[in-house]
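Numbering starts at 1 and runs along the sequence shown.
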Amino acid sequence: MESRPPQLSLDELHLVRWLLGGVLMLLSVATVFYMDVDSGAVAAVAAAGILVAMVRPTLPARVPIWAHRLAFPAILAFFAGDLWRTGQLLPAIVRLDLLLLLYRGISHRARRDDLQIVVLGLFLVVVAGVLTVSLLFAGQILVFTACALALLMVVTIAASTEGGQAPKLAARGVVPLWAAHADWRRLAGRLWEIADWRLLASAVGLFLGVVALSGLLFLAIPRFQLENSLFLERFVFKKAMTGFNDSIKFGDITEIIQDDSIAFNVDLSDPAQAPAVPYWRMVVLDDYANGGFKLSGRLRRAFERERTSANILPSWGGQRDAPTWTFYLESGVSRYLPILGRFRAMHFRDAQHFNYSPELASVSLRDEPASMTAYRVEGMASEAAELADPPFARAWSTRGPVGLPLQVDLRLSAQDASVVARLAAEFAGPGLDAGAFAKRAVEALRRAHAYTLSPHIPGGPGDPLVRWMASREPGHCELFAGAFVLLAREGGFPARVVTGFKGGSWNAYSNNFTIRNSDAHAWAEIWDARRGAWLREDPLAAAASSDPSRDKGDAALAALMDRSWSARLNSVRVFWYRSIVNFDQQAQAETFNAVRNATDSSGKWLRGRLDGAARRIKAWLKGPWGWARAARLAAGLAAAGAAAWALARGRWRLASIARGRRVDPVRREAGRWLLRLEGPDVLLADLQRLRYGPAPTWPRPAEVFRRARRAASSSRRRRRGASQSTS
């Protein structure tokens, strides 16, 4: 007879159930940080309460009875007030879910309560999965699934241990026995003691196999946009960064620069055509008043009527033989999409509500995206420092003697206007074209001001930008661009401010542009009537290199190369976007074919190896046999048998040592006598107690073994006497 393997007691099963439930709730609460629903405070309180109760399971018994009675009415009242105050349904439901999880986390749970936390957590997982495409969240889903399956298994085992009945809760305010005897260190030792590593390895392998099979099916089955089907995106309101809205105040772009998180990634079909310093334009602003620029009514009318489509096909603009750019814009940046210039075609993953202005080379979505937005741009002019504008050129040429109000007035006081006129008169002169004027204006600004992210604008009356222009204080990009616009308009040239991003880095591992919020920038555009185009003027730009090889291609990318650890991590994000998020049918088929080809090649390699091994064995068996060869074979078989015997004999010893037990010689001797002896029932009972019973209940081992030897001797004498009488 062999002893049964050790098992967890009922109290230990309840402790494991309590621990798994707490971990599952913490994973569910963590999904809130993937959603911009303004629930950070509620999530932090819920996580803290759940964690404390999970570590100290006796604390929930101290919650007063009246608190349990008022919990659900209070939670419902909070939900109603939250919905009435914010008017946002999905964020209110998420906060309601967090409060319900908090209540379940600080209360002792029955079986149905464990099932409720699985459902509540699954709701948060589904919502976060719709609103995010983070690779980290994909790993969190796997951990959540594993914990949920383990919790359901433990709940089922605990119910079967109690006779198939659901565990009954102790009365409110009474500490259950399993909670009173909670010892996490002892529980860890017990789990290690009963662990069947073969079973665990099989379970992990089966789980990973199911995940791999699900991934292959995900790649093979056509997909659709889940958020559009569930209408969740309309219930989430993400605020764009202040510097990329229809209006900015001085300092808005600088606040973005302080953030080093990723704004968007860009794939380029032909890296040889990569520009050295890309300017990712987003918003064009021309109306200045009260220390800030905004989108004027004329520029608003430059946008075409809102359309809903997955494609933008402008009637003019773009260039031929240009590479294809694939953008992965992170959520919370702006509803204006970053592009380099005019293009021939833009394709979204699904239909979008958008406004497009070919004059401004600007695309605006109706709402700020609540999740990553991917789009491809074909035929985009990426290198030109000028933007042709035929409609504005026609209007400028026919403006008449009085002048067409093509640019909004600066709305400056007489005193501020005189200051701007005096500053412009220092370098302006008759007969200057836009290019020459811009060069002199930029040089004047650089002589008067240095660059800083923390500027000081002198106090006093009047416009703050004019006060800074008249001083010698350093400034940031917005002040330089705004000052240039004021000087250009004073000189009679239309000018405007453009906000977006400048530069970026080239990820050496995933081979793509990575643009961070710290790359946010503001520059200016001045109208050149002779060229009929807007010229880009960046007062903070370094002098261009005279080496044409640095204009684009490998030399440009070498200067932007990023091999840091953050680039390594971001390459995983880009791989996820390329392979999963932005799949079209062609890429999907290519990936599926690649997986199939890899499987076929691996199978062929394995079959070749097996066939080669079989041929070698067959050739060896057909070889000439002799005494020496037979002796070597016998010695090899004997060595293999000895190794197997030693392994089998030492297996139980190693397992016993790993579990903290020693092989007791008394139990071993009693086991040998039980196999050999057929004695009186009393002697057999004593031997069984020595073999299987606890040590304190043992009879004297020496006396029992002496009786066993006498019984064995008597048995041998009886057998000899019986054989002699028969003969």
List for me each residue that meets side chain to side chain contact (heavy atoms under 4.5 Å, CB included) alongside Leu365, sequence neighbours excluded, and say none if there are none. Arg335, Leu337, Phe348, Gln352, Phe354, Pro369
Between His476 and Tyr451, the two heavy atoms sitting closest are CA-CE1, 3.8 Å
Inspect the surroundings of CD in Gln415 and state if more than 12 heavy atoms from other residues, nucleotides or ligands are less than 6.0 Å away. no
Partners passing side-chain hydrogen bond (donor to acceptor under 3.5 Å, both in side chains) against Ser564 (at least two apart in sequence or in another chain): Asp562, Ser566
Using the test side-chain hydrogen bond (donor to acceptor under 3.5 Å, both in side chains), find all partners of Asn265 that sit at least two apart in sequence or belong to another chain. Asn512, Thr514, Asn570
Residues which pass ring-ring contact (aromatic ring centres under 6.0 Å, His included) with Tyr279, listed by chain and number, not counting sequence neighbours: Trp523
Here the pair of heavy atoms bringing Arg472 nearest to His449 is C-ND1, 3.9 Å
Are the side chains of Leu486 and Tyr288 in contact, using a 4.5 Å heavy-atom criterion? yes
Who passes side-chain hydrogen bond (donor to acceptor under 3.5 Å, both in side chains) against Asp270, sequence neighbours left out? Gln273
Using side-chain heavy atoms (C-beta onward) and a distance below 4.5 Å, is Val377 in contact with Met380? yes
The criterion is salt bridge (charged side-chain N to carboxylate O under 4.0 Å, His left out); which residues satisfy it with Arg366, sequence neighbours excluded? Glu306
State which residues pass side-chain hydrogen bond (donor to acceptor under 3.5 Å, both in side chains) with Asn355; sequence neighbours excluded, sorted by chain then number. none
Presence of salt bridge, Lys502 and Asp538, under 4.0 angstrom: yes
Specify the closest pair of heavy atoms between Pro474 and Pro455, including all atoms of both residues, with the distance to one decimal. O-CB, 3.4 Å
I'd like to check the ring-ring contact (aromatic ring centres under 6.0 Å, His included) partners of Phe480; sequence neighbours left out, ordered by chain and number. Trp468
Quick check: closest heavy atoms across Leu285 and Leu295, and the distance to 0.1 Å? CD2-N, 3.6 Å
Identify the two heavy atoms, one from Glu368 and one from Ser334, that lie closest to each other, and give their separation to 0.1 Å. CG-C, 4.3 Å
Sequence neighbours excluded, the answer for salt bridge (charged side-chain N to carboxylate O under 4.0 Å, His left out) partners of Glu304 is Arg307
With a cut-off of 3.5 Å and sequence neighbours excluded, list every side-chain donor-acceptor pair involving residues 425-433.
| from | atom 1 | to | atom 2 | distance (Å) |
| --- | --- | --- | --- | --- |
| Asp433 | OD1 | Ala436 | N | 2.9 |
| Asp433 | OD2 | Arg530 | NH2 | 2.4 |

Partners passing ring-ring contact (aromatic ring centres under 6.0 Å, His included) against Tyr356 (at least two apart in sequence or in another chain): Phe343
Indicate yes or no: at least one non-hydrogen side-chain atom of Phe392 is less than 4.5 angstrom from one of Pro494. yes
Could you check whether the rings of Trp325 and Trp280 sit parallel, tilted or perpendicular, using 30° and 60° as the cut-offs? perpendicular
Donor-acceptor side-chain pairing of Ser571 and Asn507 below 3.5 angstrom: no
Compute the centroid of each ring, for Phe264 and then for Phe501, and state whether the two points are separated by less than 6.0 Å. yes
Check this for me: does any side-chain nitrogen of one of Glu359 and Arg342 sit under 4.0 Å from a carboxylate oxygen of the other? no
Closest non-hydrogen contact found for Ala470 with Val419 is CB-CG1, 4.0 Å
Do Arg496 and Glu525 sit within salt-bridge range, that is, some charged N less than 4.0 Å from a carboxylate O? yes
Charged N-O contact under 4.0 Å between Glu386 and Arg536: no
Taking the side chain as C-beta and beyond, is there a heavy-atom pair between Lys294 and Val283 under 4.5 Å? no
Side chain to side chain, Ile526 and Val485, heavy atoms closer than 4.5 Å: no
List the residues meeting side chain to side chain contact (heavy atoms under 4.5 Å, CB included) with Ala44, not counting sequence neighbours, and say none if there are none. none
